[in-house]
Protein chains: 2
Amino acid sequence: MIDDIDVSILKQLQKDARLSFAEVGRTIKLSASAVRERILKMEDTGVIKKYGIEIDHSKVGYDLEAFILVKVFHGKLKLLLSTIPSISEIEKAYRITGNQNIHLKVILKNQLHLQQLIDKLMPFGDTHTLLILSDVSSNDS
Amino acid sequence: MIDDIDVSILKQLQKDARLSFAEVGRTIKLSASAVRERILKMEDTGVIKKYGIEIDHSKVGYDLEAFILVKVFHGKLKLLLSTIPSISEIEKAYRITGNQNIHLKVILKNQLHLQQLIDKLMPFGDTHTLLILSDVSSNDS
DNA sequence: ATTGAAACCAGCAGGTA
DNA sequence: TACCTGCTGGTTTCAAT
């Protein structure tokens, strides 16, 4: 379904999603059209879910990032799930195993903003907030 | 530093980072070169950190995703931080507040793979693993 | 997977306000 | 400074091989 050439294409796009088909092809000795067809196929099959950008939120006025773990009240899960898309502060949301059942990554302006978000989440469950101090990934996979 | 036009450019790129300058410009009534200059400036100032792709890992043989919270042993933090980049399973790593001090997002093939990773992390601290059941973001911000 | 051709875009120069 | 137009070479796209 996916071969070594596809993997090396994916790795290049992970580093820079705006590389042209021609550029990708040059480094793996393939024509631009061949690269294009492989990438289109990976889009169609859903291997590539989307092309996105990473923003430094602290440079646009959002100085606080946090994880919020929610232990959802009995019967409130469906309502919370349908509410999540309307909360712009939530960057990513997952159902998880464990004592808490929802894991949120949130982007906020400041502590007041965090407080307001927690207030908004309170009707759905008990929250536990972990502030993000710094990104320590430095991941060039 | 950043105005409404920049914000709308960022939103478009978040949806599709491969949009051409011309395409972005068309939807906001701006020339391609104006869009290009704005984007270059946001790259230079670090607002845009990178262009990346989101991969559906389950379609390439990695069926397990998890968060691992690590309560790092006294004196082991620096060593862990320097080890993290060499662990390919770690997609993202953060220092956080709370009882645990490191938050990892990991991509794994299966439970055995998870076990091996936890074994690798054990020397650095006590781990607490939260399996990801599903993505419930549906976030078209 | 490749090539070839038409449409399109990136990058840059030079210009306006 | 922020935007524009016009130009050129490279790129995307699609069809044929």
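Values in this document were obtained by computation on a predicted structure and should not be read as measured data. Chain letters run A, B, ... following the sequence lines, proteins first, then strands; residues in each count from 1.
- Cluster partners of A:Leu69, by chain and number: A:Phe67, A:Tyr94, A:Ile96, A:Leu130, A:Ile132, B:Phe67, B:Leu69, B:Tyr94, B:Ile96, B:Leu130, B:Ile132. The rule joins Ile, Leu, Val, Met, Phe, Trp and Tyr whenever side-chain heavy atoms lie under 4.5 Å apart.
- In this structure, CD1 of B:Ile39 is placed 14 Å from C1' of C:dG11, rounded to the nearest angstrom.
- Atom-to-atom, CD of A:Glu37 to C1' of D:dA15 comes out at 11 Å; the value is rounded to the nearest Å.
- Taking five base pairs at each end of the helix from C:dA1-D:dT17 to C:dA17-D:dT1 and finding the rotation axis that steps the C1' atoms of four pairs onto the next four gives two axes whose angle is 30°, to the nearest 10°.
- Around CG of B:Asp119, the count of heavy atoms belonging to other residues, nucleotides or ligands within 6.0 Å exceeds 12.
- Atom P of nucleotide D:dA15 and atom CG of A:Leu40 are separated by 13 Å, given to the nearest angstrom.
- Residue-to-nucleotide contacts include a donor-acceptor pair under 3.5 Å from the side chain of A:Ser33 to the base of C:dT3.
- Distance alone, capped at 3.5 Å, is enough to place a donor-acceptor pair between the A:Lys50 side chain and the B:Gln14 backbone.
- One interatomic measurement links the two molecules: CG of B:Asp3 to C1' of D:dT1, which rounds to 12 Å at whole-angstrom precision.
- For C:dT3, the OP1/OP2 oxygens have no side-chain nitrogen or oxygen of A:Arg36 closer than 4.0 Å.
- In this structure, A:Arg26 reaches the D:dT11 phosphate: one of its side-chain N or O atoms is under 4.0 Å from OP1 or OP2.
- In this structure, B:Met42 places its CE atom 14 Å from C1' of D:dA2, rounding to the nearest Å.
- Looking at A:Thr129, its side chain never comes within 3.5 Å of a backbone N or O of A:Ile68 through a donor-acceptor pair.
- Under 4.0 angstrom from either OP1 or OP2 of D:dA2 there lies at least one side-chain N or O belonging to B:Lys41.
- In terms of phosphate contacts, A:Arg38 brings a side-chain nitrogen or oxygen within less than 4.0 Å of OP1 or OP2 of C:dA1.
- Residue B:Leu30 contributes atom CG, which lies 16 Å from atom C1' of C:dA10 at whole-angstrom precision.
- Between the CD1 atom of B:Ile9 and the C1' atom of D:dC3 there is a distance of 12 Å, given to the nearest Å.
- Taking every side-chain heavy atom of B:Phe21 into account, C:dG11 is the closest of C:dA1, C:dG11, D:dC3.
- Heavy atoms of A:Ser20 sit under 4.0 angstrom from primed sugar atoms or phosphate atoms, though from no base atom.
- In this structure, B:Asp44 places its CG atom 13 Å from P of D:dT1, rounding to the nearest Å.
- Which of C:dA1, C:dA10, D:dC3 sits closest to the side chain of B:Ile5 comes down to D:dC3.
- Distances were taken from every side-chain heavy atom of A:Ser31 (C-beta onward) to each of D:dT12, D:dC4, C:dT2; the shortest belongs to C:dT2.
- Looking at which nucleotide of DNA chain C each of A:Val35 and B:Ala32 is closest to, the 5′-most match is held by A:Val35.
- Residue pairs meeting the salt bridge (charged side-chain N to carboxylate O under 4.0 Å, His left out) criterion with at least one partner in residues 60-82 of chain A, sequence neighbours excluded, are A:Glu65-A:Lys105.
- Comparing atom distances between the B:Glu23 side chain and each of C:dA10, D:dC14, C:dC9 picks out C:dC9 as nearest.
- More than 12 non-hydrogen atoms from other residues, nucleotides or ligands lie less than 6.0 angstrom from CZ of A:Arg18.
- At a cut-off of 3.5 Å, with distance as the only test, a side-chain donor of B:His113 or B:Glu89 sits close to an acceptor on the other residue.
- No option in B:Asp4, B:Asp6, B:Asp44 other than B:Asp6 meets the salt bridge (charged side-chain N to carboxylate O under 4.0 Å, His left out) test with B:Arg38.
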